[in-house]
Peer 1: 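One structure, as structure tokens, below. Some questions next.
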Amino acid sequence: MSESQNVAVDTGTISRDLELVLTATQLERVREWTLQEDGVERFAYMYCEPTENRLLVREIDPIPAEDCAVMESSAVRPELSIERERLGDAMSDGLVPIMVHSHPFSQNPGFSALDDNIMESYRDWLGQLYPEVPLGFIVIGHAGVDTAIYTDPSTPRREKLPISVVGAWMLETPLDAPKVERDRSIDGERYDRSIRALTDTGQKQIANTRVGIVGLGGLGSMVALQLARFGVQDFVFADPDVVERSNLPRIYGATNSDVGRQKVNVVGEQVARANPEATVEAYPARVQDVPESDLSNCDVIIGAVDRLDARLYCNEFAIRHLRYYIDGGVAIETDDSGRVTDERGLIQLVAPGANACLDCMGRNDAEHLRIEEMSEEEIEADIQRGYLEEDVVAPEPAITPLNGQAASLITRQFTKLVTDYSPPADFIRFDGLDDGLVAVGTHPSEGCISCSAGADLAAGERSFDRKDLVGGDGEIEVDFTDPMDAPGADSADSQTIDQSVVDQSVGEETGVSEGTGTASQPAPEPEPKAKIRGKAVSSQENESGEKELDVPEPEHGSSDRSLAGALFTATQQAVRERAESLTLLFLIAVVLKVLRGRR
């Protein structure tokens with residue numbers, strides 16, 4: 001052992017640089033393995049995907065007795081060959097290893113002196129080989145854990161690693177663990193009534209939560225205003241559409257002067273008026289075009305969209321980044337005489353890996369997706385041929401009371417999720433005609449192509465596997481650089497909206513005419529994948545339309561029929577199309593070569 005093993009520095013502080021994130025299902029698996037009734041200490045590796053300041057647990061790797069040098073009631077450690085194999089594989093795959101062992105005799109354990117020495121020996125060994133890779137340790141007991149993280153393994157300084165459990169309310173025994181320390185100030189007088197219900201701690205949890213809202217139409221705008229008045233201070237908005245006259249009855253606060261303005265700016269200004277402490281990062285763009293780092297920093301993502309591809313993107317994004325996703329939608333059906341025959345709303349909470357995702361529930365209509373990808377000319381041609389009904393492009397019926405009911409249910413789900421005062425429902429369906437409301441629990445489908453282990457769960461930012469796209473023969477040279485990384489590539493610009501913007505913006509209070517104020521200043525040239533603070537782009541392809549969507553009824557059963565995994569974002573699709581084009585060129589070249597040989 002080197003001298004560094006005797007100079008461990010445990011600051012006792014909780015790291016602000018990194019947070020470990022795992023699902024309730026993963027935690028229960030670790031507990032089941034390490035805390036067995038025989039009282040013997042056990043060992044497991046967690047392999048984590050590093051994203052921004054979070055470590056997402058990709059895989060749990062229990063080490064059996066035959067692979068341990070020692071495994072008894074007071075000590076456990078894998079064989080050196082196993083350590084080298086497992087740690088080497090993890091490092092080569094770009095994963096961060098977390099070493100977990102148990103104290104089955106303890107409820108809330110702490111690291112022993114022997115543990116300290118072993119951690120220092122690991123740090124001294126791996127810190128020299130992989131000085132840029134953080135090194136983490138966990139000791140687990142029946143109720144709690146102690147944690148340690150060497151953010152910089154080249155030094156003996158270590159901190160406590162905070163832990164976040166996705167779906168923590170599902171645990172049989174709550175986990176006592178270090179948590180990220182956030183402490184935004186709140187106005188106790190302003191939120192007095194909320195604090196009386198949710199406590200001061202609960203109100204601070206609301207203020208400390210960053211919320212992404214996708215779709216700022218009738219439903220999304222109501223959710224945004226409710227959350228702002230509830231005390232949320234940090235928002236990210238995404239919607240490519242502008243306000244139309246038909247939106248005015250449903251977008252809260254919108255007036256005639258807002259027609260033609262971006263929805264994200266209009267609603268963002270209303271949010272800043274409702275909560276002077278709030279800041280909105282507003283993207284007048286599709287959610288697929290929002291910089292991934294901005295959206296992944298949202299603690300909760302809320303979808304109020306009418307396009308299925310956007311809804312499935314949010315579902316997949318939440319799964320890859322272990323973020324909560326609340327999906328909401330309403331629908332009204334009428335008969336030929338115009339009489340309302342059905343009013344309904346569906347609210348689904350996706351806690352990745354802990355309950356069912358949208359794909360598990362079969363909420364991916366292949367025909368709906370096909371129509372979304374068609375041009376107006378193609379749709380019109382199919383209508384003329386009788387392949388599509390004429391009303392396929394007609395706006396959906398929408399009324400404010402139904403939106404309000406759904407928005408309130410979404411906000412209630414958010415409140416339960418963030419403050420922990422009551423477990424949130426996995427899936428809610430309400431009937432607007434009969435005033436019925438049903439809440440049910442869900443569970444992940446085994447082998448789901450999106451949220452099962454080995455699929456997209458905790459995968460972090462999307463990357464491309466050349467073998468998956470080109471067959472893996474290696475004979476065709478294809479540049480798989482993300483097009484968004486190229487100089488001059490299009491990226492969504494954002495405007496930061498807060499009270500200062502509201503003071504300068506269009507409004508009855510100031511009498512400023514349309515087109516003046518902060519929002520009208522020229523935008524700087526965007527950098528690749530950068531978040532631009534300035535004027536939002538003036539127009540985008542109109543894709544989200546009204547936010548009152550026709551949500552398909554959940555279909556229970558195997559997720560093997562799901563086509564969501566075959567969907568690609570615009571970036572992915574461009575890459576595939578380029579690969580296919582190059583493949584075709586290659587085949588043409590081969591054919592020409594053969595024909596020349598025959599001559």
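Just so it is clear, the structure is predicted and the values come from calculations on it, not from any experiment.
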Peer 1: Please report the C-alpha distance between R182 and D299 in whole Å, then the side-chain angles of each, then the deciding distance to 0.1 Å, and finally whether the salt bridge (Lys or Arg N to Asp or Glu O under 4.0 Å) criterion is met.
Peer 2: CA-CA 13 Å; R182 299 177 183 171; D299 301 290; 3.3 Å; yes
Peer 1: Out of E292, E461, E49, which one pairs with R320 under the side chain to side chain donor-acceptor pair (under 3.5 Å) rule?
Peer 2: E292
Peer 1: Apply the test side chain to side chain contact (heavy atoms under 4.5 Å, CB included) to residues L225 and V271: give CA-CA distance (whole Å), side-chain angles for both, the deciding distance (0.1 Å), then the verdict.
Peer 2: CA-CA 6 Å; L225 267 294; V271 163; 4.2 Å; yes
Peer 1: Counting only N and O atoms by type, is there a donor-acceptor contact under 3.5 Å from the side chain of T199 to the main-chain atoms of G202?
Peer 2: yes
Peer 1: May I ask you to decide if A356's main-chain N or O and D426's side chain share a donor-acceptor pair within less than 3.5 Å?
Peer 2: no
Peer 1: Going through the checks in order, is the side chain to side chain contact (heavy atoms under 4.5 Å, CB included) test met by V232 and N275?
Peer 2: CA-CA 8 Å; V232 174; N275 182 355; 5.7 Å; no
Peer 1: Does a sphere of radius 6.0 Å around CZ in R229 hold more than 12 heavy atoms from other residues, nucleotides or ligands, not counting ones at 6.0 Å or beyond?
Peer 2: no
Peer 1: What pair of heavy atoms forms the shortest contact from F43 to H101, and how long is it?
Peer 2: CD1-CB, 4.1 Å
Peer 1: Using a 6.0 Å cut-off, check whether atom OH of Y252 has over 12 heavy atoms from anything other than its own residue.
Peer 2: no
Peer 1: With rounding to the nearest 0.5 angstrom, report the CZ to CG distance, F317 to D456.
Peer 2: 12.0 Å
Peer 1: Between atom CE of M170 and atom CG of L27, what is the distance when rounded to the nearest 0.5 Å?
Peer 2: 13.0 Å
Peer 1: Kindly state each residue pair satisfying side chain to side chain donor-acceptor pair (under 3.5 Å) with at least one member in residues 164-180, sequence neighbours excluded.
Peer 2: none
Peer 1: Are the side chains of I138 and I163 in contact, using a 4.5 Å heavy-atom criterion?
Peer 2: yes
Peer 1: Is it the case that S408 and Q226 place a side-chain donor and acceptor less than 3.5 Å from each other?
Peer 2: yes
Peer 1: Please answer whether the main-chain N or O of S185 pairs with a side-chain N or O of E277 as donor and acceptor at a distance below 3.5 Å.
Peer 2: no
Peer 1: Counting only N and O atoms by type, is there a donor-acceptor contact under 3.5 Å from the side chain of H103 to the main-chain atoms of E41?
Peer 2: no
Peer 1: If we only count heavy atoms from C-beta on, is the I186 to I195 side-chain gap below 4.5 Å?
Peer 2: yes
Peer 1: So, do D93 and E59 sit near enough that their side-chain heavy atoms are less than 4.5 Å apart?
Peer 2: no
Peer 1: Please find the pair of heavy atoms, one from A425 and one from A439, that lie closest to each other, and give the distance.
Peer 2: CB-CB, 3.9 Å
Peer 1: Is the number of heavy atoms from other residues, nucleotides or ligands within 6.0 Å of CZ (R412) greater than 12?
Peer 2: no
Peer 1: Would you confirm whether D239, through its side chain, and K263, through its main-chain N or O, come within 3.5 Å as a donor-acceptor pair?
Peer 2: no
Peer 1: Within the 4.5 Å heavy-atom criterion, are L409 and L437 side-chain neighbours or not?
Peer 2: yes
Peer 1: Any side-chain heavy atom of I410 sitting closer than 4.5 Å to one from I302?
Peer 2: yes
Peer 1: Tell me every residue that passes ring pair (Phe, Tyr, Trp, His ring centres under 6.0 Å) with Y421, counting only those two or more places apart in sequence or in another chain.
Peer 2: none
Peer 1: To the nearest 0.5 Å, what is the distance between CG on L457 and SG on C357?
Peer 2: 9.5 Å
Peer 1: Using side-chain heavy atoms (C-beta onward) and a distance below 4.5 Å, is W33 in contact with I63?
Peer 2: no
Peer 1: Which pair of non-hydrogen atoms, one from V57 and one from Q26, has the smallest distance, and what is that distance?
Peer 2: O-NE2, 3.0 Å
Peer 1: Donor-acceptor pair, distance only, cut-off 3.5 Å: does the side chain of S452 make one with the backbone of I449?
Peer 2: no
Peer 1: Within a strict 4.5 Å, meaning less than it, do heavy atoms of the C360 and T442 side chains meet?
Peer 2: no
Peer 1: Between the side chain of R344 and the main-chain N/O of R429, is any donor-acceptor distance below 3.5 Å?
Peer 2: no
Peer 1: Quick one: does S106's side chain have a donor or acceptor within less than 3.5 Å of a partner on G141's backbone?
Peer 2: no
Peer 1: How far apart are the closest heavy atoms of P134 and I149, and which atoms are they?
Peer 2: CB-CD1, 4.0 Å
Peer 1: Taking 4.0 angstrom as the limit, do D309 and R286 come out as a salt bridge?
Peer 2: no
Peer 1: Yes or no on salt bridge (Lys or Arg N to Asp or Glu O under 4.0 Å) for D146 and K160, after CA distance, side-chain angles and deciding distance?
Peer 2: CA-CA 8 Å; D146 197 5; K160 292 186 180 297; 2.8 Å; yes
Peer 1: Which atom names give the shortest non-hydrogen contact between I251 and L216, and what distance separates them?
Peer 2: CD1-O, 4.0 Å
Peer 1: Using 0.5 Å steps for rounding, measure from the CG atom of D234 to the OG1 atom of T209.
Peer 2: 9.5 Å
Peer 1: Between R363 (side chain) and R311 (backbone), is there a donor-acceptor pair under 3.5 Å?
Peer 2: no
Peer 1: Describe, in one word, how the ring planes of Y47 and Y45 are oriented to each other, choosing from parallel (under 30°), tilted (30 to 60°) and perpendicular (over 60°).
Peer 2: parallel
Peer 1: Is there a side chain to side chain contact (heavy atoms under 4.5 Å, CB included) between D327 and Y325 once you walk through the steps?
Peer 2: CA-CA 6 Å; D327 182 80; Y325 174 53; 2.6 Å; yes
Peer 1: Would a distance-only check, ignoring hydrogens and angles, find a side-chain to backbone donor-acceptor pair under 3.5 Å from D38 to V40?
Peer 2: yes
Peer 1: Quick check for you: to the nearest 0.5 Å, what is the distance between T415 atom OG1 and L227 atom CG?
Peer 2: 7.5 Å
Peer 1: Do F230 and L198 come close enough that some side-chain heavy atom pair is under 4.5 Å?
Peer 2: yes
Peer 1: Check S296 against E52 and note the closest heavy-atom contact, atom names and distance.
Peer 2: OG-CG, 4.3 Å
Peer 1: As an exercise, state the distance from CZ of R42 to CD of E32, rounded to the nearest 0.5 Å.
Peer 2: 11.5 Å
Peer 1: Walk me through whether V264 and Y283 qualify under side chain to side chain contact (heavy atoms under 4.5 Å, CB included).
Peer 2: CA-CA 7 Å; V264 291; Y283 285 93; 5.9 Å; no
